[in-house]
Amino acid sequence: MTTESTAIPAQQIAAGYAVEGQALELGTVVVDGTVDPTAQVRIPLATVNRHGLVAGATGTGKTKSLQVLAEQLSAAGVPVMMADVKGDLSGLSRPGEPGDKTTQRAKDTGDDWTPTAFPVEFLSLGTSGIGVPVRATISSFGPILLSKVLGLNATQESTLGLIFHWADQKGLSLLDLKDLRAVIQFLTSDEGKPELKNLGAVSPTTAGVILRALVNLEAEGADTFFGEPELEPKDLLRLDPQGRGIISLLELGTQAARPVMFSTFLMWVLADLFTTLPEIGDVDKPKLVFFFDEAHLLFTDASKAFLEQVEQTVKLIRSKGVGVFFCTQLPTDVPNNVLSQLGARIQHALRAFTPDDQKALSKTVRTYPKTTVYDLESALTSLGIGEAIVTVLSEKGAPTPVAWTRMRAPRSLMDTIGPDAIKAAAQASPLQAEYGQTIDRESAYERLNARLAPPEQQPPANDPSLPPPVYVPPQPSGGASAEGTVTARKSVEPGMFDKMMSSPAFKSAMRSAGTVIGREITRSIFGTGRRRR
């Protein structure tokens, strides 16, 4: 119910959220505990690529807010990529169940609520989950992101960067963990020590620390994640036959022992999109929206180089038409340089039980525009479940008035659908044929092993005891054969690469061409890089 004393402030606040184009409907304004169903709070769809933050303590409704945002983005024809860390978002694929609470929430928020299912793609990190397996190669993941996963310090991170550089220069494909292990083992061997010395500032001790960290990572199941085929960005930019954006849900699976892998993989996807997508500037709606759940995992103990790359990615990816929303408990989990770039703020209730909590609360209040309607410090600790303090960017790019908002109820199921249903959906996915089978082609591991192995005795060319040569038709280079079995690429002639690298003509071409001619790997943000096909 509205009263005359609250209706005017509520309508004044809502006026700041008026839009001419499409918008995501968040809910309605609350003043002095009274909700006004006609005072709508919304985010203009054209400003979603200015990024956002969804924050709040456990149990305050953050996940349901993410669900509401994902539903409306999908309905507007915008694909969504979401991290489903706790497995709470699978209900997006099923219509919601009506009930008294849902009916009351729809009445409060002026929502013509209808149970609706949305198109969902279930993905898993590596092959041990129940979704479609997604992977990245070590080479394309890059040294900075891998250092974050391994928990390396700044010195070790720079050493790993030099090791990647050496492998790139030598044309050694780093596809999975055994490839990187083989490279480090070679560089620390008697034969490889001259190469290690030439790298400069790389100590065998530091290389050994990195090697042990890799072994630990492999023991925790990450060997099923790094490899091929790796996820292609185009598969995240899909629409269903009705023109709705497909919501890609990424589950943690067996990577729960190292959850930082989860957020770091999402950062790799974002960096890959930054590299591959064209510049499009400001558009009526984004091409893709990313949701980073448990965002604190991304920033905790991160190196300076890592944080700088996150800041740069968030700043520049907007012009590629990609929006990024961080979801975490405290806004202080996100570094200031990143937080300052987040145009939309949906802040659920905060708890202030300890001095540190009170300090975080005070910092949060200072990040909001001034308001005469609410005492924000009191409001942020008084919000009910499914309520939030909101401010976004208007269509003109200016911050909207602060609004205590009663959030809409999701139209999809506010529950999980169970592992069997997820597994069945993943098996029926068109992506299963592309990503469901592991490819193990020739890479650094095979090449270095062949180099270190003793030479085989070659039989005489005209030995009459040998059978005549048999013609073998050529096979595709890597990938699955027609029968669906895993194939390995044939080795190149031993020493061929070294001969090419030592050729004066090749060295001259490299000098004159600058930096990229002759290389198979070009590295972008975070040191990520795709091998040219």
Side-chain angles (χ1 to χ4, degrees), residues 81 123-127 132-150 152 157 160-184 210 214 217-218 222-237 248 250 255 260-277 288 290 298 305-306 309-310 312-313 316-317 320 322 431 434-435 438-447 477-479 489 515-516 519-533:
M81 176 75 173
L123 309 176
S124 294
L125 277 184
T127 60
V132 176
V134 292
R135 285 160 281 217
T137 65
I138 289 284
S139 252
S140 68
F141 206 68
I144 297 177
L145 292 176
L146 186 58
S147 295
K148 181 74 167 70
V149 172
L150 294 173
L152 304 183
E157 180 182 298
L160 185 60
L162 287 172
I163 292 169
F164 267 75
H165 175 71
W166 181 85
D168 288 351
Q169 294 299 309
K170 296 297 183 183
L172 294 172
S173 302
L174 303 178
L175 303 182
D176 49 31
L177 285 175
K178 72 178 186 297
D179 288 323
L180 186 54
R181 273 197 291 107
V183 166
I184 297 174
I210 297 171
L214 283 173
L217 184 65
E218 195 167 4
D223 56 325
T224 75
F225 163 64
F226 289 109
E228 290 184 311
E230 66 181 358
L231 181 66
E232 291 289 341
K234 63 179 175 60
D235 291 321
L236 301 177
L237 304 173
S248 298
L250 183 66
Q255 299 299 329
V260 69
M261 172 72 83
F262 203 73
S263 54
T264 311
F265 171 73
L266 288 175
M267 204 67 230
W268 170 77
V269 176
L270 201 60
D272 204 33
L273 286 164
F274 173 79
T275 305
T276 56
L277 291 179
L288 176 73
F290 245 77
L298 190 66
F306 183 89
Q309 295 291 275
V310 172
Q312 185 181 2
T313 305
L316 299 178
I317 196 100
K320 305 288 183 108
V322 177
L431 297 184
E434 185 174 355
Y435 299 113
T438 303
I439 296 170
D440 188 11
R441 61 189 175 95
E442 185 198 64
S443 48
Y445 175 81
E446 290 80 13
R447 290 194 58 192
S477 62
R489 203 168 53 183
T515 58
V516 295
R519 292 190 190 179
E520 289 185 305
I521 292 281
T522 54
R523 298 205 171 273
S524 178
I525 222 160
F526 285 106
T528 58
R530 288 245 183 198
R531 185 165 295 276
R532 288 209 302 262
R533 297 195 172 191

Inset, instruction - Under the side chain to side chain contact (heavy atoms under 4.5 Å, CB included) rule, what do Ile317 and Phe290 come out as? Steps first, then yes or no, please. - result: CA-CA 11 Å; Ile317 196 100; Phe290 245 77; over 6 Å; no
Rounded to the nearest 0.5 Å, what separates atom [atom1] in [X] from atom [atom2] in [Y]?
{"X": "Ser139", "Y": "Leu172", "atom1": "OG", "atom2": "CG", "answer": "9.0 Å"}
{"X": "Leu236", "Y": "Leu288", "atom1": "CG", "atom2": "CG", "answer": "6.5 Å"}
{"X": "Ile163", "Y": "Asp168", "atom1": "CD1", "atom2": "CG", "answer": "12.0 Å"}
{"X": "Lys320", "Y": "Thr276", "atom1": "NZ", "atom2": "OG1", "answer": "7.5 Å"}
{"X": "Ser173", "Y": "Tyr445", "atom1": "OG", "atom2": "OH", "answer": "15.5 Å"}
{"X": "Ile144", "Y": "Thr264", "atom1": "CD1", "atom2": "OG1", "answer": "12.0 Å"}

For residues [X] and [Y], determine if any side-chain heavy atom of one lies less than 4.5 Å from a side-chain heavy atom of the other.
{"X": "Ile210", "Y": "Leu180", "answer": "no"}
{"X": "Val132", "Y": "Glu434", "answer": "no"}
{"X": "Leu175", "Y": "Ile439", "answer": "no"}
{"X": "Leu145", "Y": "Val149", "answer": "no"}
{"X": "Glu218", "Y": "Arg181", "answer": "yes"}
{"X": "Leu146", "Y": "Phe226", "answer": "yes"}

Donor-acceptor contact present, side-chain [X] to main-chain [Y], <3.5 Å:
{"X": "Gln309", "Y": "Phe306", "answer": "no"}
{"X": "Glu230", "Y": "Thr137", "answer": "yes"}
{"X": "Trp268", "Y": "Ser140", "answer": "yes"}

Check [X] against [Y] and note the closest heavy-atom contact, atom names and distance.
{"X": "Gly161", "Y": "Pro143", "answer": "CA-CB, 3.7 Å"}
{"X": "Phe265", "Y": "Phe141", "answer": "CA-CE1, 4.1 Å"}
{"X": "Arg447", "Y": "Lys170", "answer": "NH1-O, 4.0 Å"}
{"X": "Ile138", "Y": "Phe164", "answer": "O-CE2, 3.3 Å"}
{"X": "Val310", "Y": "Met267", "answer": "CG2-SD, 4.1 Å"}
{"X": "Ala444", "Y": "Leu174", "answer": "CB-CD2, 4.0 Å"}

Inset, instruction - Ignoring hydrogens and angles, state whether a donor on the side chain of Arg135 or Thr438 is under 3.5 Å from an acceptor on the partner side chain. - result: yes
Inset, instruction - List for me each residue that meets side chain to side chain donor-acceptor pair (under 3.5 Å) alongside Thr127, sequence neighbours excluded, and say none if there are none. - result: none
Legend entry - Residue pair Leu237, Leu277: steps toward the side chain to side chain contact (heavy atoms under 4.5 Å, CB included) verdict: CA-CA 11 Å; Leu237 304 173; Leu277 291 179; 3.7 Å; yes
Legend entry - Those residues that, when tested against Asp176, pass side-chain contact (heavy atoms from CB on, under 4.5 Å) (two or more places apart): Lys178, Asp179, Asp440
